[in-house]
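Lettering follows sequence order; numbering is per chain, from 1.
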Protein chains: 2
Amino acid sequence: MNKKQLQSEQTRKRIAEAARHLFVQKGYKATSIEDITAATGSSKGNIYYHFKSKEGLFLYLLDEWDRDWFDKWRDKQHLYGSAAEKMHGFAELLVIEDLNHPLTQAADEFFGGEIESDIMEKLSVMTADHLRFNQDLIQSGMDSGEFKAGDSAKLALVLEGLVIGLSRLSRRSNSNIDEALGTYRLAVDVLLNGLAKAPHT
Amino acid sequence: MNKKQLQSEQTRKRIAEAARHLFVQKGYKATSIEDITAATGSSKGNIYYHFKSKEGLFLYLLDEWDRDWFDKWRDKQHLYGSAAEKMHGFAELLVIEDLNHPLTQAADEFFGGEIESDIMEKLSVMTADHLRFNQDLIQSGMDSGEFKAGDSAKLALVLEGLVIGLSRLSRRSNSNIDEALGTYRLAVDVLLNGLAKAPHT
DNA sequence: TAAGATACTGAACGAAAGTTCAGTAAACGG
DNA sequence: CCGTTTACTGAACTTTCGTTCAGTATCTTA
């Protein structure tokens with residue numbers, strides 16, 4: 001790879017990085033191309049040289065994020081023994097990797113906008129992937145006898161809800177990583193052990 | 001109140017109602033004034049006759065929603081004996097009243113947009129109110145001995161996260177009320193009793 | 001080193017959306 | 001019953017934003 005290609009890739013990365021932060025912070029619609037140029041120093045035209053459109057740029061980010069996150073999980077997964085440890089590891093990775101599912105809010109916003117779009121498809125796939133991931137996590141705890149038996153599919157929904165919500169809260173109150181880690185850890189503890197002293201239906 | 005004032009108020013309500021649905025469904029930016037005119041039959045000018053601006057309309061809706069929800073909670077509150085029942089009642093009211101905190105997503109979206117706005121203030125107040133509400137709920141359970149002792153402030157954050165996340169999930173998968181109720185009920189059960197068979201740190 | 005490819009600029013365009021306003025019709029009040 | 005206020009219309013404006021494109025500079029390669 002020669003000098004030109006290298007620099008080109010660097011600017012593409014720089015644009016993507018800046019765009020990601022802006023989309024996470026402000027949402028899809030509220031982030032303008034000009035915001036991105038301001039954050040990168042690049043020109044409008046240059047963004048359209050590297051990406052087909054605003055939508056294309058967003059699509060690229062969705063792909064990148066999902067891929068990266070899952071890779072990192074694979075690397076860490078073997079460290080955890082019990083299902084409870086896995087759960088905590090899961091939460092920790094969510095926080096460390098960019099304060100959680102950072103694009104989902106922007107993605108949801110997009111989702112609401114148009115009926116016809118690649119993004120709709122991609123989002124459905126992503127959500128399905130997350131739910132399956134959560135379900136596997138929970139099911140493995142049940143199989144090992146560590147968790148109570150139950151409907152792992154529905155519990156996956158609850159877990160996904162908790163993760164999405166905590167993500168939003170952490171981002172909004174722009175808390176630091178340590179605070180966020182503490183909150184997530186507490187959330188997982190509650191998820192495992194509950195609030196109540198004695199079992200209650 | 002004469003005929004004219006009555007009809008005026010009705011149209012203002014009609015506009016507010018339509019706008020609320022659209023904001024919830026599509027987000028703040030994505031719903032245009034023209035969308036609202038299409039949904040109401042009113043003209044653009046008429047919306048600006050009843051509301052100062054798009055932002056003002058949104059502000060009005062935030063106020064209205066928070067006020068209404070809390071009133072309904074006050075009406076129901078006395079029905080619940082234990083803290084666990086309160087918790088379930090809380091979840092149920094969230095689902096029934098318009099599939100949860102319906103404007104928060106749009107509000108967050110707005111929040112990201114401008115630094116300088118009434119909405120920022122209003123949102124902070126709202127979030128603080130919710131956290132206090134949650135904390136009271138949890139603290140009362142601790143005081144009565146029904147819940148384990150713990151940091152009710154931090155647990156309030158976890159509860160808020162769960163509620164926000166579930167709200168988003170329910171809205172996205174446009175599930176019906178019964179499904180949503182089931183998911184919320186399960187979530188509260190997990191919150192109370194946990195997933196794990198035996199206590200685990 | 002010269003020709004061509006690549007990376008990038010920024011002004012201009014068109015569509016979309018928020019806002020305004022002169023005008024109209026209906027209701028109110030004296 | 002007539003002047004005035006109120007509720008409302010819709011075309012016009014202003015701004016914003018995504019997108020395009022002709023032009024420029026830099027690097028590659030032969």
Table of protein N/O atoms under 3.5 Å from nucleotides 13-16 of chain C N/O atoms:
none

Full working for salt bridge (Lys or Arg N to Asp or Glu O under 4.0 Å) between B:Glu17 and B:Arg20: CA-CA 5 Å; B:Glu17 178 80 1; B:Arg20 209 183 83 244; 2.9 Å; yes
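- The phosphate of C:dA7 has neither OP1 nor OP2 within less than 4.0 Å of any side-chain N or O from A:Thr11.
- In this entry the distance linking CD1 of B:Ile47 with P of D:dG10 reads 13 Å, nearest Å.
- B:Lys86 places no side-chain N or O within donor-acceptor distance of the main-chain N or O of B:Gly141, the cut-off being under 3.5 Å.
- In this entry the distance linking CZ of B:Phe51 with C1' of D:dC8 reads 14 Å, nearest Å.
- Nucleotide D:dA7 holds its C1' atom 6 Å from the NE2 atom of B:His50, rounded to whole Å.
- Rounding to whole angstrom units, CD of residue A:Gln10 and P of C:dC8 are separated by 10 Å.
- Taking atom CG of residue B:Asn46 and atom P of nucleotide C:dA26, one finds them 15 Å apart after rounding to whole Å.
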Per-nucleotide protein contact string for nucleotides 12-18 of chain D, where B marks a base within reach and S marks sugar-phosphate only (heavy atoms under 4.0 Å, - for neither): ------B
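- Of all the heavy atoms in B:Asn193 and A:Lys148, the pair that sits closest is O-NZ, 3.3 Å.
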Identify all pairs in which a protein N or O lies below 3.5 Å from an N or O of nucleotides 2-6 of chain C, and state each distance.
residue	atom	partner	partner atom	Å
C:dT6	O2	A:Lys4	NZ	2.7

Can you list, pair by pair, the side-chain donor-acceptor contacts under 3.5 Å of residues 132-140 of chain B, counting residues two or more places apart and other chains?
residue	atom	partner	partner atom	Å
B:Arg132	NH2	B:Asp129	OD1	2.7
B:Asn134	ND2	B:Ala156	O	3.4
B:Asn134	ND2	B:Glu160	OE1	2.9
B:Gln135	NE2	B:Ser152	OG	3.2
B:Gln139	OE1	B:Ser152	OG	2.7
B:Gln139	NE2	B:Asp143	OD1	3.1
B:Ser140	OG	B:Leu137	O	2.8

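- In this structure, A:Tyr48 has no ring-ring contact (aromatic ring centres under 6.0 Å, His included) partners at least two apart in sequence or on a different chain.
- A search for side-chain hydrogen bond (donor to acceptor under 3.5 Å, both in side chains) contacts involving A:Arg185 returns nothing, not counting sequence neighbours.
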